[in-house]
Amino acid sequence: MAYISYTDVPLYFGTVANTITLPGEGDALNKSVIAQQVQLNYTPNIAPVRVVGKIPTKDNFNLAGPPNASLSFSCYLDAGEFNPSDYTGDIGHLGATFRLGDAANGIVGSGAFLNSFSYTLTPYAPVLIQCDFAIYNPMTTTTAGGTIASAGVDTVLDAAAFGDYAHGAYSTFNKGSLSDIEVFEAIQYQYTAQRLPVYEVGSYSITKCQLITEEQTLSIQGDNVQALVPITGSNPGSQNIVLQNSNSDALLTTDITGRLNSENVSIQGGDLARGSVTITQLLK
C-alpha cells in the first residue's frame, strides 16, 4: 500500500503577509512552517440547479457562493521563518499565500487570513503555536491535480536545530503589577479576530477583507496566591511575554494591557494556594 510520509509534505508561506506572489521552494522565496501537524479543509459551495421545462441531467450543479476553506496547523517558532504576528490586525485585502507540498505536486492557496493563534508557555517545554487561517479565495492546483503527492527532492524546508525553537526555559514573562501571585507556572495566550470578506461581481477573488473585531487574552496560572478579590475587574498594567530560544533570540514579543475578568483560587491542606487569572484586551 502506497502512503505519503510527513517528511514528503512541507508547508510554507510567502515572504510577505499581504501579497499575490506565490511562495517558491527556494529559501529566499518562502517562510517555512516548522509544523507538527497540518489540517486543510475545503468545501466548494455548489447547489443543484433545475430549470422549468427542461429535464435536468445528473450534473446540474453551479456555484452558489464562495468556498468554505480553512488551514490549521501547530508549529514551532524559529527565527526568520513563519511568525503568526505577521498576520494579525488589518493586513489589507490580499491575504497570505501558502503552498502545501512542492511546486510540482502541491496545493496552493491564496486569500488566507489569520483568525486565531494561541500558545502555552510552561517551564522546560518547547512552545507549540496553534494557528487557524480562513481561506477566502478558491483553491488552485497544479497540473498534477492538486493531490498531495510525495514532494520532489529539490523541495526546500529550512532545517533548524531544536535549540533554535522558542522554549519555556529561555522565554521570559514580565508580570507587571501582578504581585499577588508569587510563582507563575503557566502562561496561556490567545489572539482572535473576526473578519468579513467582500466579494465583487465578476470576480472569484475577494475585493477586500474587513477586520471587524480583534482581541487578545492572557490566562495566568500560579501558586502562593495572596490576594485576588481586591483586583477584580481592574487593569493590572502591561504584561509582557518574550518567546526566546537558547540563543536568547527574541522570536515573538507579546504585550497585553487589559482588564481582569476572571479569577479563582483553591487551597487544600499541605499545599500552597493555587489560582489563575484571565486578562482580556480589546484591540479593535
Between the main-chain N or O of Ser32 and the side-chain N or O of Glu81, is there a donor-acceptor pair closer than 3.5 Å? yes
Same cluster (ILVMFWY, side-chain, under 4.5 Å), Ile241 and Leu260: yes
The reported gap from CG in Leu121 to CG in Leu128 (rounded to nearest 0.5 angstrom) is 12.5 Å
Might you work through the side chain to side chain contact (heavy atoms under 4.5 Å, CB included) test for Gln130 and Ser72, ending with a clear yes or no? CA-CA 7 Å; Gln130 175 65 37; Ser72 300; 3.9 Å; yes
Measure the spacing between OG1 of Thr88 and CD of Glu214 and express it to the nearest 0.5 Å. 6.5 Å
Exactly one of Tyr12, Phe117, Tyr87, Phe98 clears ring-ring contact (aromatic ring centres under 6.0 Å, His included) with Phe82, and that residue is Tyr87
Determine, step by step, whether Asn30 and Arg99 satisfy the side chain to side chain contact (heavy atoms under 4.5 Å, CB included) criterion, reporting the C-alpha distance in whole Å, the side-chain angles of both residues, the deciding distance to 0.1 Å, and the verdict. CA-CA 9 Å; Asn30 70 62; Arg99 192 185 296 272; over 6 Å; no
Should Lys31 and Pro23 count as side-chain neighbours, where that means a heavy-atom distance under 4.5 Å? no
Looking only at atom types and distance, does a side-chain atom of Gln239 sit under 3.5 Å from a main-chain N or O of Lys175, one as donor and one as acceptor? yes
Which atoms form the tightest heavy-atom contact between Thr19 and Thr97, and what is the distance? O-CG2, 3.5 Å
Calculate, to the nearest 0.5 Å, the distance between atoms OG1 and CZ belonging to Thr278 and Arg259 respectively. 15.5 Å
Is the side chain of Thr122 donor-acceptor paired with the backbone N or O of Ala186 at a distance under 3.5 Å, no angle test? no
Going by side chain to side chain contact (heavy atoms under 4.5 Å, CB included), name the residues that satisfy it together with Gln281, two or more places apart in sequence or in a different chain. Gln216, Ile256, Thr257, Leu283
Assigning hydrophobic clusters by single linkage (Ile, Leu, Val, Met, Phe, Trp, Tyr; side-chain heavy-atom cutoff under 4.5 Å), is Phe184 placed with Val127? yes
Verify, without hydrogens or angle tests, whether Asn240 (side chain) and Asp255 (backbone) share a donor-acceptor contact under 3.5 angstrom. no
Any link between Leu29 and Phe13 through a network of hydrophobic side chains (Ile, Leu, Val, Met, Phe, Trp, Tyr) touching at under 4.5 Å? no
Holding to side-chain hydrogen bond (donor to acceptor under 3.5 Å, both in side chains), I want the full list of residues that pass it with Ser246, two or more places apart in sequence or in another chain. none
State, yes or no, whether a side-chain contact exists between Gln194 and Glu215 at a heavy-atom distance under 4.5 Å. no
If you look at every heavy atom in Ile91 and Asp86, which pair is closest and at what distance? CG2-O, 4.0 Å
In this structure, would Phe173 and Val183 fall into the same cluster of hydrophobic residues linked by side-chain contacts under 4.5 Å? no
Whether Asn137 side chain and Ala112 backbone form a donor-acceptor pair below 3.5 Å: no
Over all atoms of both residues, closest heavy-atom pair of Asn45 and Pro66: CB-O, 3.2 Å
His167 vs Tyr170 aromatic rings, parallel, tilted or perpendicular, using cut-offs 30° and 60°? tilted
So if I apply the side chain to side chain contact (heavy atoms under 4.5 Å, CB included) rule between Ile135 and each of Asn68, Asn41, Leu40, which one comes out positive? Leu40
Point-to-point distance, once rounded to the nearest 0.5 Å, from CG of Leu243 to CG of Asp249: 12.5 Å
Asn83 side chain to Leu251 main-chain N or O, any donor-acceptor pair under 3.5 Å? yes
Over all atoms of both residues, closest heavy-atom pair of Cys131 and Pro84: SG-CB, 4.1 Å
Can you give me the closest heavy-atom contact between Thr253 and Ala250, atom names plus distance? OG1-CB, 4.5 Å
Can you find a heavy atom in the side chain of Ser85 that is under 4.5 Å from one in the side chain of Tyr191? no
Results of side chain to side chain contact (heavy atoms under 4.5 Å, CB included) for Asn18 - residues two or more places apart only: Leu94
Working to the nearest 0.5 angstrom, can you tell me the gap between Gln39 CD and Gln37 CD? 7.0 Å
Before you tell me yes or no, could you show the steps for Tyr189 and Thr217 under side chain to side chain contact (heavy atoms under 4.5 Å, CB included), namely the whole-Å CA-CA distance, both residues' side-chain angles and the distance that decides it to 0.1 Å? CA-CA 6 Å; Tyr189 173 83; Thr217 302; over 6 Å; no
Look at the aromatic rings of Phe133 and Phe73 and report parallel, tilted or perpendicular, splitting at 30° and 60°. parallel
Under 3.5 Å, side chain of Arg195 to main-chain N/O of Leu114, donor-acceptor pair present? yes
Hydrophobic cluster membership, with links at side-chain heavy-atom distances under 4.5 Å among I/L/V/M/F/W/Y: are Leu252 and Val33 in one? yes
Trace of the side chain to side chain contact (heavy atoms under 4.5 Å, CB included) decision for Tyr119 with Leu77: CA-CA 11 Å; Tyr119 63 83; Leu77 196 61; over 6 Å; no
What's the separation between atom CD1 in Ile206 and atom CD in Glu200, rounded to the nearest 0.5 Å? 12.0 Å
Any side-chain donor-acceptor pair under 3.5 Å between Asp132 and Ser116? yes
Shortest non-hydrogen separation from Asn245 to Tyr165 and the atoms involved: CB-O, 3.3 Å
Is there a donor-acceptor pair under 3.5 Å between the side chain of Thr207 and the backbone N or O of Tyr199? no
